[in-house]
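Predicted model, so just to flag it, every value in this text is computed and none were measured.
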Amino acid sequence: MVSDRKIDGNTFDFYGNYGTKIGSKGGFGNFTAEFVNKEYAIRNANPEKYDAPRQRFGDAKSQNFYFFGNIEIPISDNLKFYSRQGFSHRNTNAYAWTRSADADGNIPQVYPNGFNPVQDTSISDFTFDNGLKFKIADWEVDAYNAFGSNRFTYQIDHTINATLGVKSPTSFDAGGHSLLQNTTGFNATRQFSVLEGLNVAFGSEFRYEKFNIIKGEEASYAMYDVNGNVVTASTPSTLLVINPLSGNVRPGGSQGFPGYSQEINKSRNNFAAYVDTELDITKNWMVSVAGRFENYNDFGSTLNGKLATRYKITPQFAFRGSFSTGFRAPSLAQKYYSLQFTNFQGGNLVTIQLASNDSNLAKAVGIPQLKQETSVNGSAGFTFNTGKFTATVDGYYIKVKDRIVLTGNFSQDDDAIGNILIENRIDQAQFFTNAIDTRTKGLDVILSFNENIGKGKLTATLAGNYNEMEITKVNTSDRLKGKEDIYLSPRERAFILASAPKTKINLNLNYKISKFNANLQLVRFDKVTLVGYNGPDDYQTYNPKVTTDLSFGYEFSKNINLTIGSKNLFNRYATLQRDAVSSGNTESGGIFDPVQMGFAGRQVFARFNFKF
């Protein structure tokens with residue numbers, strides 16, 4: 001692979017943890033901080049063989065800071081206060097699609113050789129959980145309030161709004177989005193002397209959540225006419241800004257990532273209550289029954305349950321199984337997220353509108369209001385343990401109805417939506433909708449063995465998964481009957497199925513002798529098939545690959561140890577795209593699509609730990 005340097009993606013990670021006693025009754029405080037600085041890992045195509053639409057292709061640059069705290073203080077013999085805090089801030093710099101010198105979105109007087117826009121993101125997360133643990137009669141009670149928030153904003157640099165010409169800024173505040181949740185509730189548990197033992201737990205909680213889209217500055221999303229006025233549906237075509245090299249209308253907004261064009265402020269709340277029972281009928285047989293009620297102010301009520309059992313056939317061998325129903329309400333982001341962006345399809349940049357579920361565009365096309373996903377889940381398996389050898393084998397079945405996914409792209413040529421897109425100067429549009437029903441069957445196997453070899457100890461773990469997902473139904477709206485291949489395009493279908501590869505196998509071997517240890521890990525990723533923008537015949541199969549991780553560690557003392565090693569030791573890459581780079585049909589616009597094993601190649605590291 002061609003990179004800027006023989007070694008890139010350099011990462012510095014500093015991690016520190018501090019614990020201390022609080023008071024004389026067992027109180028404590030534990031605090032962790034971490035700083036990570038990672039440079040670009042560029043994996044461009046060979047310029048002699050590929051005319052890549054994305055010259056700067058690879059992993060983003062990032063700088064991250066994390067802090068977590070955990071405090072617990074006994075107030076009395078029967079009352080304990082706890083508090084958990086978390087904060088993280090991440091800055092990332094990622095390159096967007098390349099704009100050539102003659103592209104409609106470029107002004108040659110500003111960027112004579114074209115340009116690569118840079119998406120600078122700022123992500124902040126904050127959590128603050130507080131609670132009291134106490135006892136009422138024989139009930140253990142935990143009353144709590146948990147708060148969490150996320151804020152994600154975009155700054156687009158080294159870019160331009162081509163409709164503003166040479167007067168355009170080259171950096172824009174593109175806005176962003178945020179999510180807030182606050183949950184107040186309690187849990188109570190108690191043991192009863194029924195048969196061999198009965199455990200009962202129940203609880204309730206009230207959750208409030210809020211979703212915002214933060215509007216960007218006007219020039220980050222607007223298209224301007226030749227007089228510098230914002231283009232609307234009534235603007236005459238004679239006033240639109242034209243690229244004299246191609247004769248095409250220049251696109252508006254910041255190239256690489258147009259800003260958010262509207263403020264959105266939506267919230268909702270829900271109430272939930274549950275009861276969970278676990279009865280040991282005999283010393284060998286346990287049965288559990290649980291139920292949960294939820295009421296959303298925007299979706300109504302639901303009641304779900306679970307039945308599980310475990311039977312110990314011998315002291316080493318046990319059977320277990322469960323059956324449950326599930327419910328998931330659409331997230332606020334799925335209901336209200338809206339963004340206009342560009343993508344590279346068949347060698348061309350196109351403008352795509354991801355329209356919110358409550359938008360006029362969605363209503364005009366006949367996209368129904370989002371409803372809840374429902375599921376039926378079943379599993380059965382066994383555990384076996386002889387001390388040196390343990391095994392767990394579980395089969396599972398999951399059936400999901402009305403699963404929420406993104407539709408394929410409706411274009412200006414489509415009779416159901418084309419005129420609406422043309423009027424809004426949008427090339428394509430897609431929507432969140434309850435598009436599919438899926439059925440998944442699979443098997444999880446974990447085998448573990450440990451043995452003393454020589455003066456050391458070997459621990460071996462083999463974990464494998466077999467998974468089979470199928471899309472059983474495509475749920476189009478009445479107006480879009482017969483358009484199943486657009487509602488769920490072959491491309492989107494392939495991405496959904498590729499999210500659950502047939503198999504994955506992981507073998508881990510660890511040998512420890514005195515102060516020295518060695519660790520070897522082999523991971524086999526199964527093949528997946530993805531589809532390009534030119535239809536089902538434009539497919540790309542990523543062949544199975546095996547990656548190897550190897551590390552060696554040494555303990556110089558109880559307080560100092562060193563580990564050196566390599567991830568993906570033999571520098572294995574995913575399958576190279578077959579001429580799809582020049583046609584621009586990959587999801588990423590580079591020489592690989594996103595796949596499980598990644599595309600960074602070999603990584604080497606040294607980790608130094610010390611206590612004081």
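Tested against Lys133 for a side-chain contact (heavy atoms from CB on, under 4.5 Å), the candidates Val141, Asp142, Asn78 yield a single pass: Asp142. Partner Asn199 forms a side-chain hydrogen bond (donor to acceptor under 3.5 Å, both in side chains) with one of Arg190, Gln191, Glu278 and no other, that one being Gln191.
Separation of atoms CZ (Phe389) and OG (Ser448) is listed at 8.5 Å; rounding is to 0.5 Å. Taken to the nearest 0.5 Å, the NE2 atom of His177 stands 8.5 Å off from the CD1 atom of Ile214. Remark: Phe257 CZ to Leu339 CG distance equals 4.5 Å, nearest 0.5 Å. Once rounded to the nearest 0.5 Å, the distance linking CG of Asn385 with OG1 of Thr390 reads 5.5 Å. From Leu279, atom CG reaches atom OG1 of Thr277 across 7.5 Å, with rounding to the nearest 0.5 Å. Taken from CD1 in Ile564 to CG in Leu550, the straight-line distance is 9.0 Å, to the nearest 0.5 Å.
Note: Phe299 and Phe327 fail the aromatic proximity criterion, with ring centroids not under 6.0 Å apart. Less than 6.0 angstrom separates the ring centroid of Tyr554 from the ring centroid of Phe556. The six-membered or imidazole ring of His89 lies away from that of Phe65, with a centre-to-centre distance of 6.0 Å or more.
A side-chain donor from one of Tyr274 and Asn187 sits under 3.5 Å from a side-chain acceptor of the other. Thr325 and Asn304 form a side-chain donor-acceptor contact under 3.5 Å, judged by distance and modelled atom types alone. Judged purely by distance below 3.5 Å, without hydrogens or angles, the side chains of Asn450 and Thr459 never pair a donor atom with an acceptor atom. A donor and an acceptor atom, one from each side chain of Ser322 and Ser379, are located under 3.5 Å apart. Between Ser356 and Asp358, the side chains place a donor N or O and an acceptor N or O closer than 3.5 Å (distance only, hydrogens not considered). Asp120 and Asn91 share no side-chain donor-acceptor pair at under 3.5 Å.
Between Arg43 and Asp8, at least one side-chain nitrogen of the basic residue sits less than 4.0 Å from a carboxylate oxygen of the acidic one, meeting the salt-bridge criterion. Salt bridge status for Lys388 with Glu451: present, with a side-chain N to carboxylate O gap under 4.0 Å. Ion pair Glu373/Arg328 flagged as a salt bridge, since at least one NZ, NE, NH1 or NH2 atom sits closer than 4.0 Å to an Asp/Glu carboxylate oxygen. Classification of Arg292 and Glu205 as a salt-bridged pair holds, one side-chain N sitting under 4.0 Å from a carboxylate O. Using a cutoff of 4.0 Å between basic side-chain nitrogens and carboxylate oxygens, Lys25 and Asp77 are not scored as salt-bridged.
Within 6.0 Å of the NZ atom in Lys335, the count of heavy atoms belonging to other residues, nucleotides or ligands exceeds 12. Around the NZ atom of Lys545, the shell of radius 6.0 Å holds more than 12 heavy atoms that belong to other residues, nucleotides or ligands. No more than 12 heavy atoms of other residues, nucleotides or ligands lie within 6.0 Å of CZ in Phe610, so this atom counts as exposed by the packing criterion. Dense packing is recorded around CZ of Arg524, with more than 12 heavy atoms of other residues, nucleotides or ligands lying under 6.0 Å away.
The main-chain N or O of Arg207 is never found under 3.5 Å from a side-chain atom of Glu209 such that the two would form a donor-acceptor pair. No side-chain donor-acceptor contact under 3.5 Å links Asn116 to the backbone of Tyr95. Of the possible polar contacts, one joining the Asn297 side chain to the Asn269 backbone as a donor-acceptor pair under 3.5 Å is found.
For the pair Lys504 and Asp526, the minimum side-chain heavy-atom distance is 4.5 Å or more. The closest side-chain heavy-atom distance from Phe172 to Tyr221 is not below 4.5 Å. The shortest side-chain heavy-atom distance between Asn568 and Gln603 does not fall under the 4.5 Å cut-off. Counting only heavy atoms from C-beta outward, the side chains of Arg572 and Thr548 never approach each other to under 4.5 Å. In this structure the side chain of Phe432 never reaches within 4.5 angstrom of the side chain of Asn357, judged on heavy atoms. In this structure, the side chains of Tyr15 and Thr32 come closer than 4.5 Å at one or more pairs of heavy atoms. Looking at Phe28 and Lys21, their side chains never come closer than 4.5 Å, going by heavy atoms from C-beta outward. A 4.5 Å side-chain heavy-atom check between Ser288 and Asp276 finds at least one atom pair inside the cut-off.
For the residue pair Leu370 and Pro330, the shortest heavy atom distance occurs at CB-CG, 3.8 Å. Among all heavy-atom pairs drawn from Asp394 and Gly381, the shortest one is OD1-CA, 3.6 Å. Heavy-atom minimum distance, Gly256 versus Ala96: CA-CB, 3.8 Å. Across Asn30 and Gly19, no two heavy atoms sit closer than the pair ND2-CA, 4.0 Å. The shortest heavy-atom contact between Trp139 and Val200 is CZ3-O, 3.7 Å. What you find for Ser254 and Thr159 is that their closest heavy atoms are C-OG1, 3.8 Å.
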Original post:
Taking it one step at a time, do Leu447 and Phe384 satisfy side-chain contact (heavy atoms from CB on, under 4.5 Å)?
Top reply: CA-CA 9 Å; Leu447 308 176; Phe384 182 74; over 6 Å; no
**OP:** Please assess Val289 against Lys306 for the test side-chain contact (heavy atoms from CB on, under 4.5 Å), listing each intermediate value before the final yes or no.
**Re:** CA-CA 6 Å; Val289 178; Lys306 179 180 180 179; over 6 Å; no
Subject >> Verdict with reasoning, Asn64 to Lys38, per side-chain contact (heavy atoms from CB on, under 4.5 Å) >> reply: CA-CA 9 Å; Asn64 310 328; Lys38 181 181 180 299; over 6 Å; no
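In this structure, Tyr154 and Tyr260 have tilted ring planes: the angle between them lies in the 30° to 60° band.
Residues in residues 548-567 take part in these salt bridge (Lys or Arg N to Asp or Glu O under 4.0 Å) pairs, two or more places apart or across chains: Lys512-Glu555.
Applying the side-chain hydrogen bond (donor to acceptor under 3.5 Å, both in side chains) rule to Ser375 yields the partners Asn377; only residues at least two apart in sequence or on another chain are considered. Residues passing the ring pair (Phe, Tyr, Trp, His ring centres under 6.0 Å) test with Phe211, sequence neighbours excluded: none.
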